[in-house]
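Let me begin by presenting the structure, written as structure tokens, before commenting on it.
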Amino acid sequence: MNAWKSIAKDAFTQTCLVVKFLGFLHLTNNYLISPTLVYGPSMLPTLNLTGDVLLVEHVSHRFQKVGPGDVVLVRSPLDPTKMVTKRVVGMEGDRINFLPDPSITDICRTIMVPKGHIWIQGDNMYASCDSRHYGPVPYGLVQGKLFFRVWPPSSFGSFGQ
Amino acid sequence: MGSGSLLWNLTKKYLTVGVIGLTITDRYASIVPVRGGSMSPTFNPRTNTVLGSLDDRVLIEKFCLAKYKFSHGDVVVFRSPSEHKQKLIKRIIGLPGDWIGTPQNDVIKIPEGHCWVEGDNPASSMDSRTFGPIPLGLVQGRATTIVWPPQRVCQVERRILQDRFPPSA
């Protein structure tokens, strides 16, 4: 009987430890820093085609410290299960000049970013699906700001504007 | 020394409970109060009672966020598109691909990854009729049950408003 009791107690302690660990993991991942793998052609001169590993911090977007020039992680407005990495070009109230499709025409259009929205664009304007297609995105979709590059090792270091 | 370690143990305990609580509310379920009469009569049927405001507390489940699968008539909590700190609770009327009539008397198709949300009380509701379709990524959870006050404990049922859809050709 005593043996069972000690086993149960042991199991309980171990479970507690695992739950605590998962809790702290969730906290760091969602509120502080998480790693992310970025690939695809849309940010080409800045980020490589084959995949870079970057660190995302989840602090500054909660304090509205995201500004033009920052590279942010945004939940895609077209598919909520996907994340996209784009550069912030304009904040609410800004006037944005953009080329809707630079490979076909060079007609420039101007738009005013509405309240609570941001304008995001990829660095590679020829192969990027961004605000030029789906318009300004709500600020609530921003998930974090990229600030540090881990992989490839040649460009290890902080990830500026 | 003894009281110091006691204090440290207490802090540690509170921190652990806080972290686990935060994890559960973020990932699985949470309880939020509903303010205002925009969802009346589903929530807060009487807005100004003698007792003051008795806000309904609603259980929000977050398992639906794994795949973002919603159906017509679900009541969801989402971040306001124009004010990201504000959360709103409304009913999903239209999903991607649906055609829906707007108050400006035209019919629009809901774009990919968006939904059309409206309050049950059209007279005082700030919803898609003002700001248009919202991205599904703003949705924070689905309301399942009213848990407080005790006399109003019940399931939140799905309700489909057929008259919102234009007659199919």
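Predicted, not measured: the structure shown is a model, and the values here were computed from it. Proteins come first, then strands; the chains are lettered A, B, ... in the order of their sequence lines, and each starts at number 1.
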(message) Do B:T23 and A:L22 have side chains that approach each other closer than 4.5 Å (heavy atoms only, starting at C-beta)?
(response) no

(request) Check whether more than 12 heavy atoms from other residues, nucleotides or ligands sit under 6.0 Å from atom NZ of B:K109, and answer yes or no. (result) no

(request) Could you tell me whether the side chain of B:H114 reaches within less than 4.5 Å of the side chain of A:P77, counting heavy atoms only? (result) yes

(request) Would you kindly confirm whether B:V75 and B:I60 end up in one hydrophobic cluster when ILVMFWY residues are joined by side chain heavy atoms under 4.5 Å apart? (result) yes

(message) What part of A:Y31 gets within 4.5 angstrom of chain B, counting heavy atoms only: side chain, backbone, both, or neither?
(response) side chain

(request) Could you tell me which of B:T16, B:I24, B:V139 has the largest number of non-hydrogen atom pairs under 4.5 Å with chain A? (result) B:T16

(message) Counting only heavy atoms not in A:I107 (residues, nucleotides, ligands), do more than 12 fall under 6.0 Å from its CD1?
(response) no

(request) Could you pull out all residues at least two apart from B:F131 that satisfy ring pair (Phe, Tyr, Trp, His ring centres under 6.0 Å)? (result) none

(message) Need one label for A:Q143: side chain, backbone, both or neither, based on atoms under 4.5 Å from any heavy atom in chain B.
(response) neither

(message) For B:E61, I'd like to know if atom CD has over 12 heavy atoms of other residues, nucleotides or ligands within 6.0 Å.
(response) yes

(request) State the SG-CD1 distance between A:C16 and B:I20, to the nearest 0.5 angstrom. (result) 7.0 Å

(request) For residues A:V137 and B:P135, determine if any side-chain heavy atom of one lies less than 4.5 Å from a side-chain heavy atom of the other. (result) no

(message) Between A:P114 and chain B, with a heavy-atom cut-off of 4.5 Å, which part of the residue counts as in contact: side chain, backbone, both or neither?
(response) neither

(message) Within this structure, what is the CZ-OH distance for the pair B:R79 and A:Y139, rounded to the nearest 0.5 Å?
(response) 10.5 Å

(message) Same cluster or not: A:Y134 versus A:M125, using hydrophobic residues (I, L, V, M, F, W, Y) connected whenever any side-chain heavy atoms lie under 4.5 Å apart?
(response) no

(request) Following the transitive rule for hydrophobic clusters with a side-chain heavy-atom cut-off under 4.5 Å over Ile, Leu, Val, Met, Phe, Trp and Tyr, establish whether B:I134 and B:Y68 coincide in one cluster. (result) yes

(request) May I ask you to test the B:K85-A:Q64 pair for a side-chain heavy-atom distance under 4.5 Å? (result) yes

(message) Show me the pairs that pass salt bridge (Lys or Arg N to Asp or Glu O under 4.0 Å) and involve residues 19-38 of chain A, at least two apart or across chains.
(response) none

(request) For chain B, find its close neighbours in residues 79-86 of chain A: heavy-atom separation under 4.5 Å, sorted by number, or none. (result) A:P80, A:T81

(message) So if I take each residue of residues 89-97 of chain A and look for any heavy atom under 4.5 Å from a heavy atom in chain B, which residues do I end up with?
(response) none

(message) Let me confirm one number: the NE2-NE2 distance from B:H84 to A:H61, rounded to the nearest 0.5 Å.
(response) 8.0 Å

(request) Determine, using the 4.5 Å side-chain heavy-atom cutoff (strictly less than), whether A:I118 and A:V59 are members of one ILVMFWY cluster. (result) no

(message) Would you say CZ of B:R158 has more than 12 non-hydrogen atoms from neighbouring residues, nucleotides or ligands within 6.0 angstrom?
(response) yes

(message) Need one label for A:L141: side chain, backbone, both or neither, based on atoms under 4.5 Å from any heavy atom in chain B.
(response) both

(message) Tell me whether B:V76 shares a hydrophobic cluster with B:W116, the cluster being built from Ile, Leu, Val, Met, Phe, Trp, Tyr side chains joined at under 4.5 Å.
(response) no

(message) Does any part of the side chain of A:H117, heavy atoms only, come nearer than 4.5 Å to the side chain of B:P81, both counted from C-beta?
(response) yes

